[in-house]
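Just so it is clear, the structure is predicted and the values come from calculations on it, not from any experiment.
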Amino acid sequence: MTQKRKNTDYLDDLFDKHLNDKDFMSTNLADFGQMVRDTINEEARRSGYDTLEDMISGEIEQGLSSSSRRSASSSSRRHRRNYASRYEYVRDVLEHVSYPPRQRGYYRDGHQDALSRYLRRMAINQNDMMMYEKIVEEEIRNYYSQGRHQRGNKYDEGYYEGLRLIARTLRESRQLKMEEISDRLSAALKVH
């Protein structure tokens, strides 16, 4: 059973790694400070933040708002706005995703890679969103079966959540299009 790491274990690892290194012992203070900053910032990215400053402000923010839980990433959805196509809706939602401080770093990189990959693919064939629904669902199943969705690797976690957002947005686009068609049919039947 793995034991959860303390917040400062990465610094212990840094010192243990270099304690007997002769080159490390001759390192000047500026180089040592940069090495510590790089190690801390790398650990912050693994924890979902861009830098130590983001990690500190994120933890403070999380402590202040622990009663209200937000999704990993939020998107500003444009409900009831008429879109010319499902693709326009999907593109609009996926291009306007914002990330709270805790969901930056490697998580955001993975999330953005998933979104940008599918946006590029969908731009090529904008009229067949059903095909992309199937492709995304298949990739989600593969990711899940490989266990890559589990917490630990922030990039994979972000990529998986990005796939889930894409799938959800594709379903929403289909639902909005169906509602739009239903409204038009109802309006046409009322006229006659």
Side-chain angles (χ1 to χ4, degrees), residues 2 4-11 13-14 34-79 83 86-124 126 129 132-133 135-173:
T2 58
K4 187 174 180 181
R5 289 173 55 96
K6 294 183 295 187
N7 289 339
T8 58
D9 283 350
Y10 58 91
L11 289 177
D13 292 345
L14 172 71
Q34 185 61 46
M35 186 183 333
V36 170
R37 273 190 299 283
D38 291 345
T39 301
I40 290 171
N41 285 333
E42 179 62 23
E43 187 64 25
R45 286 186 62 77
R46 280 193 206 111
S47 299
Y49 299 100
D50 280 332
T51 62
L52 175 64
E53 291 82 20
D54 287 342
M55 187 163 70
I56 292 169
S57 65
E59 294 297 327
I60 291 170
E61 196 175 292
Q62 184 178 9
L64 293 174
S65 65
S66 62
S67 61
S68 65
R69 298 284 177 212
R70 290 174 58 182
S71 64
S73 61
S74 61
S75 59
S76 52
R77 300 211 169 40
R78 278 67 169 167
H79 292 291
Y83 290 90
R86 288 181 62 192
Y87 169 75
E88 281 188 21
Y89 174 81
V90 172
R91 187 188 70 213
D92 190 36
V93 170
L94 297 183
E95 286 179 346
H96 292 94
V97 173
S98 62
Y99 301 89
R102 180 76 182 180
Q103 302 303 335
R104 295 188 182 150
Y106 291 130
Y107 177 94
R108 181 187 57 206
D109 294 346
H111 201 269
Q112 282 293 305
D113 283 351
L115 301 185
S116 62
R117 178 176 177 222
Y118 277 95
L119 280 172
R120 280 191 312 272
R121 291 174 83 178
M122 287 182 224
I124 295 168
Q126 299 177 12
M129 293 295 110
Y132 292 111
E133 283 185 58
I135 291 170
V136 171
E137 288 298 332
E138 181 63 27
E139 189 169 358
I140 288 171
R141 274 193 296 281
N142 289 338
Y143 234 72
Y144 190 85
S145 69
Q146 295 170 4
R148 294 175 67 187
H149 68 288
Q150 297 172 343
R151 298 198 184 280
N153 182 325
K154 287 294 182 180
Y155 179 89
D156 283 347
E157 184 183 332
Y159 191 88
Y160 179 75
E161 289 299 321
L163 291 174
R164 290 184 54 190
L165 175 62
I166 294 164
R168 185 171 54 250
T169 305
L170 284 164
R171 285 190 302 271
E172 288 172 358
S173 73

Visitor: Mind checking the CG-CD1 spacing from L119 to I124? Nearest 0.5 Å is all I need.
Guide: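 Going from CG on L119 over to CD1 on I124, the span is 11.5 Å.
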Visitor: Would you compute the distance between atom CD1 of I166 and atom CD1 of I135 and round it to the nearest 0.5 angstrom?
Guide: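 Reported to 0.5 Å precision, the distance equals 11.5 Å.
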Visitor: Could you tell me whether a side-chain N or O of H96 sits under 3.5 Å from a main-chain N or O of D92, the two making a donor and an acceptor?
Guide: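 Side chain of H96 to backbone of D92, a donor-acceptor pair under 3.5 Å: yes, one is there.
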Visitor: To the nearest 0.5 Å, tell me how far E95 CD sits from S116 OG.
Guide: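 Output value for this atom pair is 10.5 Å.
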Visitor: Between A167 and I140, what is the shortest heavy-atom contact and its length?
Guide: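 Residues A167 and I140, closest heavy atoms: CB-CD1, 3.8 Å.
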Visitor: Report the C-alpha separation of E157 and K154 in whole Å, then their side-chain angles, then the decisive distance to 0.1 Å, and conclude whether the salt bridge (charged side-chain N to carboxylate O under 4.0 Å, His left out) test is met.
Guide: CA-CA 5 Å; E157 184 183 332; K154 287 294 182 180; 3.7 Å; yes
Visitor: Excluding sequence neighbours, so at least two apart, what forms side-chain hydrogen bond (donor to acceptor under 3.5 Å, both in side chains) with E133?
Guide: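 Result, side-chain hydrogen bond (donor to acceptor under 3.5 Å, both in side chains) vs E133: R86, R174.
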Visitor: If only side-chain N and O atoms count, and only distance matters, is there a donor-acceptor pair under 3.5 Å linking D156 with Y143?
Guide: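 A pair is found: one side chain offers a donor N or O, the other an acceptor, under 3.5 Å apart.
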Visitor: Can you list everything that forms a salt bridge (Lys or Arg N to Asp or Glu O under 4.0 Å) with R171? Sequence neighbours excluded, please.
Guide: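 Counting only residues at least two positions away or on another chain, R171 forms a salt bridge (Lys or Arg N to Asp or Glu O under 4.0 Å) with E137.
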Visitor: Mind listing the closest non-hydrogen atom pair of V90 and T169 along with its distance?
Guide: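 What the structure gives for the nearest pair is CA-CG2, 3.8 Å.
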Visitor: Would you please name every residue forming a salt bridge (Lys or Arg N to Asp or Glu O under 4.0 Å) with E139, sequence neighbours left out?
Guide: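 R117.
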Visitor: Do you know the tightest heavy-atom contact between H111 and Y99?
Guide: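 Shortest heavy-atom contact: ND1-OH, 2.7 Å.
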Visitor: Please report the C-alpha distance between Y106 and N153 in whole Å, then the side-chain angles of each, then the deciding distance to 0.1 Å, and finally whether the side chain to side chain contact (heavy atoms under 4.5 Å, CB included) criterion is met.
Guide: CA-CA 8 Å; Y106 291 130; N153 182 325; 5.8 Å; no
Visitor: What's the spacing between Y107 OH and Q112 CD if we round to 0.5 Å?
Guide: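 Between atom OH of Y107 and atom CD of Q112 there are 10.5 Å.
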Visitor: Which residues pass the ring pair (Phe, Tyr, Trp, His ring centres under 6.0 Å) test with Y118, sequence neighbours left out?
Guide: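 Partners of Y118 under the ring pair (Phe, Tyr, Trp, His ring centres under 6.0 Å) test: none.
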Visitor: In plain terms, say whether E161 and R164 are close enough for a salt bridge, that is, a side-chain N and a carboxylate O under 4.0 Å apart.
Guide: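 Between R164 and E161 there is a salt bridge, with a charged N closer than 4.0 Å to a carboxylate O.
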